[in-house]
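Atoms within each ligand, like the ligands themselves, are counted from 1 in listed order. Sequential numbering from 1 along the given sequence is applied to the chain's residues.
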Amino acid sequence: MIVLGIETSCDETAAAVIEDGRTIHANVIASQAEIHSTFGGVVPEVASRQHLLTINAVVRKALEDAGAELRDLDTVAVTYGPGLAGSLLVGVNTAKALAYASGLPFIGVNHLEGHIYAAWLEEVDIDSEPGFPLLCLIVSGGHTDLVLMRGHGDFELVGRTRDDAAGEAFDKGARVLGLGYPGGPPIQKAAEESGGGEDPFPRPRVEGGFDFSFSGLKTALLERARSRRMYPAPDDGLDRAMVSAMADAYQEAIVDSLVTVTVRAVKATGVNGLVLCGGVAANAALRAEMQDRCRVPVIVPRPLLCTDNGAMIGAAAHYRLRDGHSSEWDLDILPGLGIGNR
Ligand code: KG4
Ligand code: ZN
């Protein structure tokens, strides 16, 4: 089964051609990050306008890379939520138009399920090794969700952030440290250059359950930066060594709290494996520390498949279609869509 997967929920215009939920024939991603970096974060109106300008070329390039025509496809799949309303609309309407005009079925995909299914694009056969049940930690710009996956399409939300998402913590932290947007990659880079020596940041304490909290950490960073006269940035620029050391301690606090809660949830749920996914899963320190401290196999997609892409949407669609699902033409966007809600 060949699926065209389209993703426009935030600031990546993406399309991919995926066979059997596994083989990537094309994976085209046009990032708007540079445009939004001028504003220090994603501007929704700019994002939807940019999707509109780019989507046709991105889809055309994906088909070209795959050596496919629309008639070679079996289905068109698209993210219908969660995400920015104006951005989601561009993808959903493009997918509907393409599918309708080509006489193809069409299916809406939950973006969060997409992040999870990025793991199935890798070479391992997760269904048999390590096999269900699995725990999935989705860490992105908008979500920090711990999801118990008992089988394909069977999700239960067991933990989530009470305030900011992990990606948001990276993005806001980078703004304080003058490192630009998106914040994850430059914080990782600065941390890697650090000689250490910075006092650790206090770890957030969330009583009971498997929830996370990052807003206190962000405030602690801001207060420390202010007390050292690093924020607002002085006219003669920031001391790079101090920025690196702060980034290192800040990243370590985020990573430690993600890993601590997840390891506890892995034990309590008795799962066979952990899927680590979403944009923040591209973080090298998080990947290493999770592998280190988690007692079950950790399955984590390549960094390029962790951040938003169309391949993960094509992969997730495959399992929904296999189970007999498809969408009606009146499917609407759902900007606030969750996963396995309790
Ligand atoms: O999944 P994603 O591409 O988009 C959303 O669905 O939100 O995640 C984007 C988030 C941003 O907050 C970005 O700073 C973060 O993922 N991110 C990283 C890294 N690469 C991207 N965070 C930490 N380290 C990275 N290397
Ligand atoms: Zn995402």
Side-chain angles (χ1 to χ4, degrees), residues 5-14 16 27 29-34 36-37 40-42 44 47 51 78-84 87-88 91 109-119 136-145 147 161 164-177 179-193 214 217-218 247-248 250-259 275-290 300-313 315-316 335-339:
I6 297 177
E7 156 62 41
T8 64
S9 68
C10 189
D11 63 345
E12 254 90 36
T13 317
N27 189 22
I29 304 163
S31 175
Q32 307 173 3
E34 213 176 301
H36 297 290
S37 67
V42 178
H51 285 305
V78 64
T79 302
Y80 74 107
L84 302 168
S87 293
L88 290 166
V109 172
N110 181 328
H111 181 81
L112 300 167
E113 272 183 39
H115 274 305
I116 290 174
Y117 276 102
C136 309
L137 175 64
I138 310 168
V139 271
S140 71
H143 290 82
T144 301
D145 289 340
V147 177
T161 181
D164 292 348
E168 217 174 331
F170 273 102
D171 295 339
K172 289 177 175 171
R175 201 180 303 173
V176 170
L177 295 174
L179 292 170
Y181 172 87
I187 287 198
Q188 177 181 323
K189 185 164 181 290
E192 282 164 357
E193 291 165 6
F214 295 104
L217 185 59
K218 171 195 67 193
D248 189 25
Y250 186 68
Q251 173 178 273
E252 177 48 27
I254 298 174
V255 167
D256 182 45
S257 58
L258 287 172
V259 176
V275 172
L276 174 61
C277 59
V280 179
N283 185 271
L286 175 61
R287 296 164 79 93
E289 197 161 322
M290 195 66 90
V300 47
R302 274 180 277 143
L304 186 78
L305 297 175
C306 287
T307 46
D308 290 350
N309 63 83
M312 67 187 205
I313 302 306
L337 184 65
I339 183 167

Which heavy atom in Cys306 sits nearest to a heavy atom in Val300, and how many Å separate them?
SG-CG2, 4.4 Å

Using distance alone, decide if ligand 1 has a nitrogen or oxygen within less than 3.5 Å of any nitrogen or oxygen in Pro182.
no

Rounded to the nearest 0.5 angstrom, the OG1-CG distance for Thr8 and Asp308 is 10.0 Å

Side chain, backbone, both or neither: Asp171 near ligand 1, heavy atoms under 4.0 Å:
side chain

Hey, is Gly142 one of the residues with a heavy atom under 4.0 angstrom from ligand 1?
yes

Once ring pair (Phe, Tyr, Trp, His ring centres under 6.0 Å) is applied, do any residues pair with Phe170, and if so which ones, sequence neighbours excluded?
none

For a distance under 2.8 Å, give residue and atom name for each protein N, O or S atom next to the Zn ion (ligand 2).
His111 NE2, His115 NE2, Asp308 OD1

Is the closest side-chain heavy-atom distance between Ile138 and Val147 below 4.5 Å?
yes

Return the closest protein heavy atom for atom 17 (N) of ligand 1 as residue, atom name and distance.
Gly279 O, 3.5 Å

Under a 4.0 angstrom heavy-atom cut-off, which atoms of ligand 1 come close to His115?
1 (O), 6 (O)

CD on Gln32 to OG on Ser37, rounded to 0.5 Å
11.5 Å

Does at least one non-hydrogen atom of His111 fall below 4.0 angstrom from an atom of ligand 1?
yes

Under 4.5 Å between any side-chain heavy atoms of Arg287 and Pro303, yes or no?
yes

Within 4.0 Å of some non-hydrogen atom of Thr307, the atoms of ligand 1 are 3 (O), 21 (C)

If only atom types and distance count, is the side chain of Asn110 paired as donor or acceptor with the main-chain N or O of Leu112 below 3.5 Å?
yes

Would you indicate whether the side-chain heavy atoms of His36 and Cys10 approach each other to under 4.5 Å?
no

Identity and separation of the nearest protein heavy atom to atom 24 (N) of ligand 1:
Asn283 ND2, 3.0 Å

Geometric N/O contact Asp308 with ligand 1, under 3.5 angstrom
yes

Quick one: does His143 get a heavy atom under 4.0 Å from ligand 1?
no

Is it the case that ligand 1 has an N or O less than 3.5 angstrom from some N or O of Gln188?
yes

Are any of the N or O atoms of Gly141 closer than 3.5 Å to those of ligand 1?
yes

As an exercise, identify every atom of ligand 1 less than 4.0 angstrom from a heavy atom of Gly183.
14 (O)

Distance under 4.0 Å to a non-hydrogen atom of Gly167: what atoms of ligand 1 satisfy this?
12 (O)

Is there a donor-acceptor contact under 3.5 Å from the side chain of Glu7 to the main chain of Glu12?
no

So is there a nitrogen or oxygen of Gly184 less than 3.5 Å from a nitrogen or oxygen in ligand 1?
yes

Looking at side-chain heavy atoms only, is the closest gap between Met290 and Leu137 below 4.5 Å?
yes

Nearest-option assignment for atom 15 (C) of ligand 1, heavy atoms, candidates Thr79, Val280, Val255:
Val280

Does Phe214 reach the side chain of Thr144, with side-chain heavy atoms less than 4.5 Å apart?
yes

